[in-house]
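These notes are about the structure you will find just below.
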Amino acid sequence: MKDIKEIKKSIQLLVRYPHTFGWVEFGDKGNACTGRLDHMDRADNDNYAETYAAVVKAMPKYSELHECFGAVLQKELGLAQYPRYDYMVKLLTRIFMDDAQMQDSDSIKRMCFFTDRVQRYMKTTGKKELEPADMALILG
């Protein structure tokens, strides 16, 4: 996702639904989907740089969006201090740089709503793992 308006809308959604996101999965060590920052090829580096620039434009340092997102991230990660701006931009960049999955703010919205439903279902049923039959109940 490179569109500044869509990134801004997406960050606002993440502020509203922070519990639906696996923030630690997007740290420097990466995850099974994104990999490590220090093992990117040239195309990934270019994509990362373009997305990083778009995130900075969408959420300028000390902007209202920066302040809101920082407070939410601090709470979600249980940080003693307010997170650094560079860390927030890097985290958001890693989330938004997958153009296939994160096409626009509607992609983020659908993901947040679905994850919220799954979390509520698991809490209500007391389940720790989902089975295929659970999906019909969640989506129904």
Side-chain angles (χ1 to χ4, degrees):
M1 185 181 333
K2 312 283 186 292
D3 184 284
I4 295 165
K5 289 179 184 175
E6 289 298 309
I7 289 174
K8 196 176 281 194
K9 286 181 194 176
S10 297
I11 296 169
Q12 290 166 341
L13 283 164
L14 294 175
V15 166
R16 286 182 30 214
Y17 300 98
H19 62 283
T20 65
F21 218 80
W23 301 105
V24 295
E25 295 293 318
F26 292 90
D28 287 338
K29 292 183 181 178
N31 62 42
C33 297
T34 63
R36 294 176 53 96
L37 283 177
D38 58 354
H39 292 110
M40 293 191 300
D41 61 21
R42 184 180 175 97
D44 287 337
N45 276 323
D46 289 346
N47 184 23
Y48 182 85
E50 291 170 9
T51 307
Y52 189 95
V55 170
V56 169
K57 287 180 180 179
M59 185 182 75
K61 194 171 189 176
Y62 304 119
S63 66
E64 184 178 339
L65 190 55
H66 167 222
E67 300 291 330
C68 289
F69 181 65
V72 164
L73 193 58
Q74 180 180 8
K75 182 180 177 188
E76 283 298 308
L77 295 177
L79 302 173
Q81 295 179 300
Y82 194 78
R84 293 181 48 159
Y85 178 74
D86 295 352
Y87 172 76
M88 289 188 266
V89 172
K90 185 165 53 169
L91 186 71
L92 291 169
T93 299
R94 289 181 64 91
I95 293 166
F96 298 143
M97 72 184 267
D98 181 358
D99 292 330
Q101 298 295 318
M102 305 300 178
Q103 299 168 352
D104 52 27
S105 59
D106 284 338
S107 302
I108 299 289
K109 188 177 192 176
R110 285 190 304 274
M111 181 208 60
C112 289
F113 287 178
F114 176 73
T115 304
D116 186 60
R117 288 180 82 167
V118 168
Q119 289 173 342
R120 284 188 281 127
Y121 175 82
M122 291 177 80
K123 185 176 181 179
T124 302
T125 61
K127 290 191 172 201
K128 300 291 181 205
E129 290 186 29
L130 295 176
E131 298 169 15
D134 293 320
M135 293 310 293
L137 296 170
I138 292 169
L139 297 173

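As a basis for the values below, the full set of heavy atoms in this structure was taken, side chains included, without hydrogen atoms, waters or symmetry mates.
Note that CD of Gln12 is 11.5 Å distant from NZ of Lys109, once rounded to the nearest 0.5 Å. In this structure, CG on Asp46 lies 10.0 Å from CE on Met97, to the nearest 0.5 angstrom. Atom CG of Leu65 sits about 13.5 Å away from atom NZ of Lys9, to the nearest 0.5 Å. For the atom pair NZ (Lys2) and NZ (Lys57), the distance works out to 13.0 Å, reported to the nearest 0.5 Å. For the atom pair CD1 (Ile138) and CD (Gln119), the distance works out to 10.5 Å, reported to the nearest 0.5 Å.
In plain terms, the two heavy atoms of Tyr48 and Lys90 that are nearest each other are OH-CG, 3.1 Å. Heavy atoms only, all atoms of each residue included: Ala54 and Ile4 are closest at O-CG1, 4.0 Å. For the pair Met59 and Leu92, the tightest heavy-atom approach, listed with the atom from each and the gap, is CE-CD1, 3.8 Å. Of all heavy-atom pairs spanning Thr51 and Met1, the tightest one is CG2-O, 3.7 Å. Between Ile95 and Met102, the closest heavy-atom pair is O-CG, 3.2 Å. When all heavy atoms of Ser10 and Ile108 are compared, the pair lying nearest together is OG-CG1, 3.5 Å.
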Can Leu73 and Leu91 be said to form a side chain to side chain contact (heavy atoms under 4.5 Å, CB included), step by step?
-> CA-CA 10 Å; Leu73 193 58; Leu91 186 71; 3.7 Å; yes

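Transitive grouping of hydrophobic side chains (ILVMFWY, heavy atoms separated by less than 4.5 Å) brings Leu14 and Tyr52 into a common cluster. Hydrophobic clustering, with ILVMFWY side chains joined whenever heavy atoms are under 4.5 angstrom apart, keeps Phe113 apart from Leu137. Two different hydrophobic clusters hold Tyr121 and Met111 under the rule that ILVMFWY side chains link at heavy-atom gaps under 4.5 Å.
Tyr17 and Asp116 form no side-chain donor-acceptor contact under 3.5 Å, judged by distance and modelled atom types alone.
Contact check on Asp106 versus Arg110 returns no salt bridge, with no Lys/Arg side-chain nitrogen under 4.0 Å from an Asp/Glu carboxylate oxygen.
Side-chain contact between Thr125 and Asp134: absent, with no pair of heavy atoms (C-beta onward) separated by less than 4.5 Å. In this structure, Tyr82 and Met88 have side chains that are in contact, with non-hydrogen atoms separated by less than 4.5 Å.
A 6.0 Å sphere centred on NZ of Lys127 holds more than 12 heavy atoms belonging to other residues, nucleotides or ligands. Counting heavy-atom neighbours within 6.0 Å of Lys8 NZ, excluding the residue itself, gives a total of 12 or less.
Ring-centre distance between Tyr85 and Tyr62: not below the 6.0 Å cut-off.
For Phe69, the ring-ring contact (aromatic ring centres under 6.0 Å, His included) partners are Trp23, not counting sequence neighbours. Applying the ring-ring contact (aromatic ring centres under 6.0 Å, His included) rule to Phe114 yields no partners; only residues at least two apart in sequence or on another chain are considered.
No donor-acceptor distance shorter than 3.5 angstrom exists from the side chain of Glu76 to the backbone of Phe21, with no hydrogens or angles considered. Looking at Glu6, its side chain does come within 3.5 Å of a backbone N or O of Ser105 through a donor-acceptor pair.
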